[in-house]
Chemist: 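My structure is below; once you've seen it, I'll send some questions.
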Amino acid sequence: MQQLKKTRNIGIIAHIDAGKTTITERILFYTGRSHKIGEVHDGEAIMDWMPEEQERGITITSAVTTCKWSDHTINIIDTPGHVDFTIEVERSLRILDGAIGVFCAVGGVEPQSETVWHQADRYRVPKIAFINKLDRLGANFYGAVGMIRDRLGATPLILQIPWGMEEGFQGVIDIVKMRAIVWSEDDLGASFQELAIPKNYVEEASRHRERMLELLADNDDSIMEKYLSEEEIDIQSIKRVIREATIRLTLVPVFCGAALRNKGIQPLLDGIVEFLPSPLDIPPVKGINPKTKKPESRSATLKEPLSSLAFKVAMDQGRRMTYLRVYSGTMRPGSIIYNSIKDVTERVARIMRMHANKRERIDQAISGDIIAVMGLKETTTGDTLCDKGHPILLESMEFDQPVISMAVEPRQLKDQERLLDSLKKVADEDPTFKFEVDEDTGQMIISGMGELHLEVLAHRLKREFFLDVNTGKPQVVYRETIGKKAAIETVFDREWGGVMHFAAIKIEVSPMKRGKASRFVNKCSNPLMTEEFINSIEEGIKEASESGVLMGYPVIDVETILLDARVKELLSTPLSFKIVASMAFKGACELALPVLLEPIMKVEIIVPEDFVGDVISDMNTRGGRIGRITTKGTVKILAAIAPLSKMFGYSTALRSSSQGRATFTMQFSHYDKA
């Protein structure tokens, strides 16, 4: 129990380039987990271990590590900040107890910061904020704090203010202790001093301390009494109430610094330990018993039966590794565990504690642990693993649907099977990645969350699976139909395979309502027309409709009526009627004003109010039509229809026109004139 009390499971979340990985690298250095600071810009950050991450200087996959601070164990997940890899943040937040929201002092609350913050709110994850890059030109600490209040709807509790800003940034002033902190330049910021607050900052610091005490008094009666009677409030009481209010999600403690200059990290570590929850502070995890269908819960103790959630699957040197959060009970290598979603048992081969991509084997995992397990064959992201005698089904995760597609093919035909196999492995790892073979074009289509997402996946196919692939835009699958009624009489009277054949029919074709599907109607009254002949005519028309007269695309929404037919004994056969029907259908379509149809997509766009005009204007240039605009909180929801051919690259255009703050989903609606 004591061990659980001193465990913190936290994630670092933010917009791309706010400094998440830079902060994590300092945490690892100051806690003694690593012996040098790896810099992102040098491609040497420990947590950015993938070659793609090192080349691009961004985080692509969430990395797990463990370190010690003040006799506490801190499990940290460093998450990506790019919108294309939001799934990595989503699945990390699902299993974390607390989070650090990192904000750039220049950019403040940027679009992806907003997204990940609301994801954390959805899972009720307590948060502390760190305003980074106070040494940068244009840094504005109070502007960033104001944006946290206005854009995120949070109540920031300022615990530190900057001592100087931009070039003049020297350190921070601790509002709780009323002391100034400066870091040594000699040892990469490992040592620091607490000093008296400089005279020109005393008034500002006192004002913020007064504001802090007001907010705490609103959250605690004992502080309220002391505050109203103007008694001195001790630091321990202040910290206790900050912790309680943070865990209740009513306040967000705000720290500040400049991670790249090695300033501000140790107080942030103290804040993690003092204010973020342990597994014992969060409510018991809830689920449903799959047998009785009744709600059950598991508290974070070793006495409870095992319950854990798989939040990530990764391929490690060709082997499948599953990341788990253990909520209750214990797990040991060799034990048999039950997957309650798939109703299968799995055997745990090895249990590892992860440090980015480095592994350390451990003898057991207990409640509160975040671990990686080898040997699980069936388990995928979101599955519950538990004790078979006491099954439970924990709430799974919801994943966004892919918004962008790309065609992919192996450069060598012999690699087709290997490509399929590799794509299956990638799809196991990443629930937002999908692939399928388009039946109409025969193309292999891969779909993901953005152009960078698919670009990284194509690079991984080459680097990890040794597959050279060509990529390109998916082909748009058009259809054909007709614009008016037309009738035609066609005769087939010729020698075929040394035998004379005869068949003559009269048909009428007419356009049907869009999406009604084609149909064949028999109105022929000739008594010599057997059922076999009629079926052959229908078959011939069906085959002919698979390739239209304009560009060879399938013909849809056409009604074909058989008006009359002529038969010659011994010369008329089912084959001759099938051939004449095919000829007649094509001839009739040529007379009936053939029309090319294109796929029209149903698009739903969620966009902040400020950008609605730009988004509508862009949609109009794509030939799209806005059907309905509804309001939900601070955002507008636009329902539109648009031609698929004009929607390639839309995710990038939408981000540009909304500063990255809008999202969209798209699905097939119907075919219409091109």
Chemist: Check E489 with R566, please: is the shortest side-chain N to carboxylate O separation under 4.0 Å?
Modeler: yes
Chemist: Taking S518 for its side chain and V558 for its backbone only, find out whether a donor-acceptor pair lies under 3.5 Å.
Modeler: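 A pair under 3.5 Å: yes.
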Chemist: Say whether, by atom type as modelled, one donor and one acceptor occur between the side chain of K586 and the main chain of S547 under 3.5 angstrom.
Modeler: yes
Chemist: Hey, are the side chains of I605 and Y650 touching, using non-hydrogen atoms and a 4.5 Å cut-off?
Modeler: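 Yes; the side chains approach each other to less than 4.5 Å.
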Chemist: Could you tell me whether a side-chain N or O of N526 sits under 3.5 Å from a main-chain N or O of A565, the two making a donor and an acceptor?
Modeler: yes
Chemist: Determine whether a donor-acceptor pair (N or O, by modelled atom type, separation under 3.5 Å) exists between the side chain of S340 and the backbone of I392.
Modeler: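 At least one qualifying donor-acceptor pair exists.
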Chemist: Looking only at heavy atoms, what is the nearest atom pair of V313 and T380, with distance?
Modeler: CG2-CA, 3.9 Å
Chemist: Tell me if a side-chain donor or acceptor on R94 pairs with a main-chain N or O of G382 at a distance below 3.5 Å.
Modeler: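 Between the backbone of G382 and the side chain of R94 there is no qualifying donor-acceptor contact (under 3.5 Å).
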Chemist: Will you find, in the side chains of N289 and E296, an N or O donor that is under 3.5 Å from an N or O acceptor?
Modeler: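 Note: N289 and E296 side chains meet the donor-acceptor criterion.
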Chemist: Would you say that more than 12 heavy atoms from the other residues, nucleotides or ligands in this model lie under 6.0 Å from the CZ of R411, or not?
Modeler: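 Atom CZ in R411 is packed in, count exceeds 12.
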Chemist: Roughly how far apart are L644 CG and M601 CE, rounded to 0.5 Å?
Modeler: 5.0 Å
Chemist: Would you say CZ of R625 has more than 12 non-hydrogen atoms from neighbouring residues, nucleotides or ligands within 6.0 angstrom?
Modeler: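 Not more than 12 within 6.0 Å, no.
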Chemist: Got a salt bridge between D428 and K424, using NZ or NE/NH1/NH2 to carboxylate O under 4.0 Å?
Modeler: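 So D428 does not pair with K424 through a salt bridge.
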Chemist: So L638 and V603, do their side chains get closer than 4.5 Å, heavy atoms only?
Modeler: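 V603 does not reach L638 side chain to side chain.
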Chemist: Under the criterion salt bridge (Lys or Arg N to Asp or Glu O under 4.0 Å), which of E538, E532, E539 is the partner of K578?
Modeler: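 When E538, E532, E539 are each tested with K578, the salt bridge (Lys or Arg N to Asp or Glu O under 4.0 Å) holds only for E539.
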Chemist: Ignoring hydrogens and angles, tell me if any N or O in the side chain of T384 forms a donor-acceptor pair with the backbone of L394 under 3.5 Å.
Modeler: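 Checking the backbone N and O of L394 against the side chain of T384, a donor-acceptor pair under 3.5 Å is found.
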Chemist: So do R320 and K377 actually touch side chain to side chain, heavy atoms under 4.5 Å?
Modeler: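 Heavy-atom side-chain distance check fails, nothing below 4.5 Å.
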Chemist: Under 6.0 Å from the ring centre and within 45 degrees of the ring axis: does the NZ or CZ of R325 meet both conditions for the six-membered ring of Y323?
Modeler: no
Chemist: Indicate yes or no: at least one non-hydrogen side-chain atom of E590 is less than 4.5 angstrom from one of I488.
Modeler: no
Chemist: Quick check against the 3.5 Å criterion: does S572 have a side-chain atom that pairs as donor or acceptor with the backbone of F502?
Modeler: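 Such a contact is found between S572 side chain and F502 backbone.
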Chemist: Identify the heavy atoms of R622 and K646 that sit nearest to each other, and give their distance.
Modeler: NH1-O, 2.6 Å
Chemist: Check whether more than 12 heavy atoms from other residues, nucleotides or ligands sit under 6.0 Å from atom CZ of R124, and answer yes or no.
Modeler: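 Count not over threshold, so no.
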Chemist: Test side-chain contact (heavy atoms from CB on, under 4.5 Å) on K462 and D468 and set out the steps.
Modeler: CA-CA 6 Å; K462 187 171 187 177; D468 272 333; 3.2 Å; yes
Chemist: Considering non-hydrogen atoms only, spot the tightest contact between I600 and I641 and give its length.
Modeler: CG2-CB, 3.9 Å
Chemist: What distance do T379 atom OG1 and I341 atom CD1 have between them, rounded to the nearest 0.5 Å?
Modeler: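 The OG1 atom of T379 sits 9.5 Å away from the CD1 atom of I341.
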Chemist: With a 4.5 Å cut-off on side-chain heavy atoms, are E598 and Y553 touching?
Modeler: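 Heavy-atom side-chain distance check fails, nothing below 4.5 Å.
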Chemist: Just so I know, are the side chains of F585 and E543 near enough to count as touching, which here means a heavy-atom distance under 4.5 Å?
Modeler: no
Chemist: Is the backbone N or O of L575 less than 3.5 Å from a side-chain atom of S536, with the two atoms forming a donor-acceptor pair by type?
Modeler: no
Chemist: Go through L376 and D383 one step at a time and tell me if the side-chain contact (heavy atoms from CB on, under 4.5 Å) criterion holds.
Modeler: CA-CA 11 Å; L376 308 184; D383 287 4; over 6 Å; no
Chemist: In Å, rounded to the nearest 0.5 Å, how long is the span from CZ of F577 to CG of L562?
Modeler: 9.0 Å
Chemist: Can you tell me how far the CZ atom of R519 sits from the CD1 atom of I561, to the nearest 0.5 Å?
Modeler: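 It comes to 8.0 Å.
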Chemist: Should the heavy atoms of other residues, nucleotides or ligands under 6.0 Å from NZ of K342 be counted, would the total exceed 12?
Modeler: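 Counting other residues, nucleotides and ligands, NZ of K342 exceeds 12 neighbours.
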Chemist: Looking only at heavy atoms, which two atoms of E395 and L309 are closest? And how far apart?
Modeler: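 Looks like O-CD1, 4.2 Å.
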Chemist: As an exercise, state the distance from OG of S576 to CD1 of I505, rounded to the nearest 0.5 Å.
Modeler: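 Interatomic distance, S576 OG to I505 CD1, rounded to 0.5 Å: 10.5 Å.
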Chemist: Could you check whether any side-chain N or O of E609 sits under 3.5 Å from a backbone N or O of K636, counting only pairs where one atom can act as donor and the other as acceptor?
Modeler: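 Checked: no pair found.
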Chemist: Going through the distances and angles, do I95 and Y123 end up as a side-chain contact (heavy atoms from CB on, under 4.5 Å)?
Modeler: CA-CA 9 Å; I95 56 95; Y123 292 119; over 6 Å; no
Chemist: Counting only heavy atoms not in L413 (residues, nucleotides, ligands), do more than 12 fall under 6.0 Å from its CG?
Modeler: no
Chemist: Using every non-hydrogen atom in the two residues, find where V595 and I482 come nearest and quote the distance to one decimal.
Modeler: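 Heavy atoms only, the tightest pair is CG2-C, 4.2 Å.
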Chemist: Hey, does the side chain of T621 reach the backbone of D618 with a donor-acceptor pair shorter than 3.5 angstrom?
Modeler: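 Such a contact is found between T621 side chain and D618 backbone.
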Chemist: So, taking the atom named CD in E436 and the one named CE in M444, what distance separates them when rounded to the nearest 0.5 Å?
Modeler: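 Interatomic distance, E436 CD to M444 CE, rounded to 0.5 Å: 9.5 Å.
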Chemist: Within a strict 4.5 Å, meaning less than it, do heavy atoms of the L420 and F435 side chains meet?
Modeler: yes
Chemist: Of all the heavy-atom pairs spanning I13 and A120, show the shortest one and how long it is.
Modeler: CD1-CB, 4.3 Å
Chemist: Let's go through F492 and M583 carefully: what are the C-alpha distance in whole Å and the side-chain angles of both, what is the deciding distance for side-chain contact (heavy atoms from CB on, under 4.5 Å) to 0.1 Å, and is it a yes or a no?
Modeler: CA-CA 9 Å; F492 178 68; M583 290 162 58; 4.0 Å; yes
Chemist: Do the non-hydrogen side-chain atoms of F520 and K542 ever get within less than 4.5 Å of each other?
Modeler: no
